[in-house]
Amino acid sequence: MNFKLKCTCLSTNTLINIYMKFSFKISLFTVRILVLFFLLTSNLYAQNIDSDSDSKEDDVNVTSVKQIDIILQQSFDANISNPRKSLRLAKKAKRVSTRLKYSKGVIDADLIIGALFFDREDYKGALEIYKEALEISQLKFKKDTTLKIKILNLTGNAYKANRNYSEAQKLYESALEINIHNQNEAEITNSYINLSNLYYQSGDSKKSQDYLIKASKLIESTRSKKNADPLGKLGNAYDKRGEFAKALDYFEQSLQIYKDQNDYSGIATTLVSIGYIHYNLKDFNKADRYFHEALSIGKEKNIKIAILESYQGLSHISSQSQDYKKAYELYKKYINIKDSILEEDKQEEITKMKSKLQIEINKKEIDLLKQEKENQKLEYNNNKIIARSSFWGLFLTILLLGVLIYLYIDKRKSNLKLETTRLELENLNATKNKFFSIIAHDLKSPIASLSGFLQILIAFPTSIKPEEIKSFAIKIDQSVNSLKEMMTNVLKWSQSQMDNIQLNIEDLSPYTLAENVVNIYKSQSDDKEILLIQNGDSNLTCKADKDMLEFIIHNLIHNAIKFTKRKGKVEINIYEKNDKVFVSVSDSGVGINEEIQNKIFNLTNLNHSRGTENEMGTGLGLILCKEFAEKMKAQFSFISKVNEGSKFTICMSK
């Protein structure tokens, strides 16, 4: 089931029109922010798990076949739960196997690497890896028919995914011949199913149906109750053709075998498949039950693919029942799991951006040197004039004094210009470092979510129902709003640095402001089972800027929820003491260690700590809270202990 994404975004011209309203004082700074924003958002949304950053890892200590086999087993075990670790270990095993001329190790590593490439839809990369494994197996392991059949099928799958149906057919038929010769009924069934799916994908429905019937008859005749794989594949084949009753029968047989074997991965993935069958049959209650059962097993046994597909299926069901809020929350969990599996990083683009900024810095340095040279020349001319003027009499004393004053003022202007250029250069360096850390971390998550929505639209463009369009328009709008909010925070910081924020002190109710923010975060706290409490006098007033105080309360509650574990507590207290009004936000979270406390308000040492459930953050919010409090002539303080929690307080005039 898929959703159609519809998003209304601000155009480049609209953003530029907004920024042109800022004063001339910050216009240059704002344009730089825009350049950074658009370049980064167009290039910084994927982080390649193929990154071989660990390729320099020491392989010297791995000197035996036994050690290589241990590494390969570790890679295989991490295949589902941690694909990046699995890829790193497989590549290490392949390097060492190649050095030790251990052909079996090279093939086993290739099979793991190829599967990882295939899972992330890099079909060309998977094909090259499988072809290498096939070539080695034909040279070194001619008698190992089991290995050959496995590689033939995997390579055929890669050819099929690359739409090279003729090559895929040759490999599938070669595997079938070996299976018939070996009289391996389970593998013969697999070959029939592979050929059926191939012909179905290439458009030859008659041949596809013929092979599917052969597979069904063979399974029914053997009554095999030991191998769940052919049953599951047969279920998938009938599912693709819309024959749900047959598909359900084979999936249930496969599920029983997995249960008898205590194969939890097989159980979870089969439950997901059965859930989708019931979903397609419009029996949403049964579908919901199977998805929840798969999700429970997936969480207990850390089977991420089952968790991923269960969240997606449950999101579809909520959408069908028009509970769009729940559907969106479930889909966000699906996106988060997918991000944790396919996290990517394009370091090359960041390097390009740094190079561009460095070019600009070098240009400023050249201008600075030219100005210094001009000043030296001017100073030389001044000294020359003074020397000549000393020969004049008293008549020229007043004129000489005027010339000296003029030259002094001119020199001072030149020095001021030189200092301004130097400060601009320093600010440019600081801005470069700050914004790479802020924008790279803050924008990656919402951009990845938008990418996930668009992938669904691209993958299933014809299966979107009209009633789902509005739902997804709302969801994509929420993601865009989140992105806009990040941009607003960065602009607020830039305005603050340039003293361009207008302060409007008035009498207002901090209780009402806090209550509005609490309502916003109620859903988020409920999701983490956190008790969110607000105490205080609703009639109490203080002197503050509404926007700044609301921003401070918003950030403090957000941070408290982010760094508090499940079933914890966040408490907002509003009270009066010694003619002062206090607003405090305390939590039972993880606390802040002393090292971070000492530099928490230092912009050059932004804290990128993750929340208790891997939530992202930059630390810029707390810096803005302190700056806004100081602008309102208020006091901002905090106390914190590791594993006991934190308490942030703002003290204002009554």
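Quick note: residue numbers are just sequence positions, from 1.
Closest heavy-atom contact between N182 and T145: ND2-OG1, 3.4 Å. For the residue pair S97 and I68, the shortest heavy atom distance occurs at OG-CG2, 3.3 Å. Between T564 and K528 the shortest heavy-atom distance is O-NZ, 3.0 Å. Residues G114 and A126 share a closest heavy-atom pair of O-CB, 3.6 Å. Here the closest heavy-atom approach between residue I193 and residue A237 is recorded as CG2-CB, 4.4 Å. Of all non-hydrogen atoms in A294 and A306, the two that sit nearest each other are O-CB, 4.3 Å.
Considering only residues two or more places apart in sequence or on other chains, K104 meets the salt bridge (charged side-chain N to carboxylate O under 4.0 Å, His left out) condition with D108. Legend: residues meeting side chain to side chain contact (heavy atoms under 4.5 Å, CB included) with S86, ordered by chain and number and at least two apart, are S75, A78, N79, I112, L116. When the ring pair (Phe, Tyr, Trp, His ring centres under 6.0 Å) test is applied to Y199, the partners found at least two apart in sequence or on another chain are Y211. Residues meeting the side chain to side chain contact (heavy atoms under 4.5 Å, CB included) test with S254, sequence neighbours left out: A228, L231, Y258, T270. Here K206 pairs with D204, D210 under the side chain to side chain contact (heavy atoms under 4.5 Å, CB included) rule; sequence neighbours left out. Remark: K522 pairs with D526 by the salt bridge (charged side-chain N to carboxylate O under 4.0 Å, His left out) rule, at least two apart or across chains. Among residues two or more places apart in sequence or in another chain, the side chain to side chain contact (heavy atoms under 4.5 Å, CB included) test is passed with N236 by F251, S273. Taking F291 as the reference, Y276 meet the ring pair (Phe, Tyr, Trp, His ring centres under 6.0 Å) condition, with sequence neighbours excluded.
Side-chain contact of D69 with Q73: a donor-acceptor pair under 3.5 Å is absent, judged by distance alone. For Q201 and N197, the side-chain atoms include no donor-acceptor pair closer than 3.5 Å.
Each side chain to side chain donor-acceptor pair (under 3.5 Å) pair with one or both residues in residues 127-137, not counting sequence neighbours, appears once here: K94-E132. Listed by first and then second residue, the salt bridge (charged side-chain N to carboxylate O under 4.0 Å, His left out) pairs that reach into residues 262-273 come to none, sequence neighbours excluded. Listed by first and then second residue, the salt bridge (charged side-chain N to carboxylate O under 4.0 Å, His left out) pairs involving residues 273-294 amount to none (not counting sequence neighbours).
The line from NZ of K66 to CD1 of I71 is 13.5 Å long, rounded to the nearest 0.5 Å. Distance NZ/K85 to CG/D77: 9.0 Å, rounded to 0.5 Å. Here NZ of K333 is found 11.0 Å from OG of S315. Values are rounded to the nearest 0.5 Å. For the atom pair L330 CG and L295 CG, the distance stands at 9.0 Å (nearest 0.5 Å). Between the OH atom in Y192 and the NZ atom in K233 there is a gap of 15.0 Å [rounded to 0.5 Å]. Atom CD of Q67 is separated from atom CG of L100 by 9.0 Å, given to the nearest 0.5 angstrom.
Between Y159 and K170 there is no side-chain heavy-atom pair separated by less than 4.5 Å. Looking at F141 and K148, their side chains never come closer than 4.5 Å, going by heavy atoms from C-beta outward. Looking at L198 and N194, their side chains never come closer than 4.5 Å, going by heavy atoms from C-beta outward. L134 has its side chain within reach of L171: a pair of non-hydrogen atoms, C-beta onward, lies under 4.5 Å apart. Using a 4.5 Å heavy-atom cutoff, the side chains of S208 and K240 are not in contact. When side chains are defined from C-beta on, S318 does not count as touching Y324, because their heavy atoms never get closer than 4.5 Å. Side chains of N280 and D239 form a contact here, defined as non-hydrogen atoms less than 4.5 Å apart. Side chains of N336 and E613 form no contact here, defined as non-hydrogen atoms less than 4.5 Å apart.
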Go through L218 and K214 one step at a time and tell me if the side-chain contact (heavy atoms from CB on, under 4.5 Å) criterion holds. CA-CA 6 Å; L218 185 58; K214 286 183 179 181; over 6 Å; no

Please test L152 against I178 for side-chain contact (heavy atoms from CB on, under 4.5 Å), starting from the C-alpha separation and ending with a verdict. CA-CA 11 Å; L152 284 170; I178 298 173; 4.1 Å; yes

Is there a side-chain contact (heavy atoms from CB on, under 4.5 Å) between E177 and I180? Walk through the geometry before answering. CA-CA 5 Å; E177 288 178 6; I180 292 174; 5.9 Å; no

Evaluation steps, side-chain hydrogen bond (donor to acceptor under 3.5 Å, both in side chains), between Y172 and N190: CA-CA 10 Å; Y172 286 152; N190 282 336; over 6 Å; no

Taking it one step at a time, do N164 and S166 satisfy side-chain hydrogen bond (donor to acceptor under 3.5 Å, both in side chains)? CA-CA 6 Å; N164 191 337; S166 59; 3.3 Å; yes

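Checked against a 6.0 Å centroid threshold, the rings of Y334 and Y331 count as neighbours.
Taking a 6.0 Å sphere around CZ of R163, one finds it holds 12 or fewer heavy atoms contributed by other residues, nucleotides or ligands. Annotation: Y165, atom OH; neighbour count of heavy atoms from other residues, nucleotides and ligands within 6.0 Å is above 12. Surrounding CD of Q183 are at most 12 heavy atoms belonging to other residues, nucleotides or ligands under 6.0 Å away.
With salt bridges taken as basic N to acidic carboxylate O contacts below 4.0 Å, none links E329 and K326.
Taking the six-membered ring where tryptophan is involved, the planes of Y279 and H316 are tilted, since the angle between them lies from 30° to 60°. The aromatic rings of Y290 and H278 sit parallel, their planes meeting at an angle under 30°, below the 60° perpendicular limit.
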Return a table of donor-acceptor pairs under 3.5 angstrom between the side chains of residues 296-303 and protein atoms on other chains or two or more places apart.
residue: K299; atom: NZ; partner: Y311; partner atom: OH; Å: 3.2

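For the pair N162 (side chain) and Y123 (backbone), a donor-acceptor distance under 3.5 Å is present.
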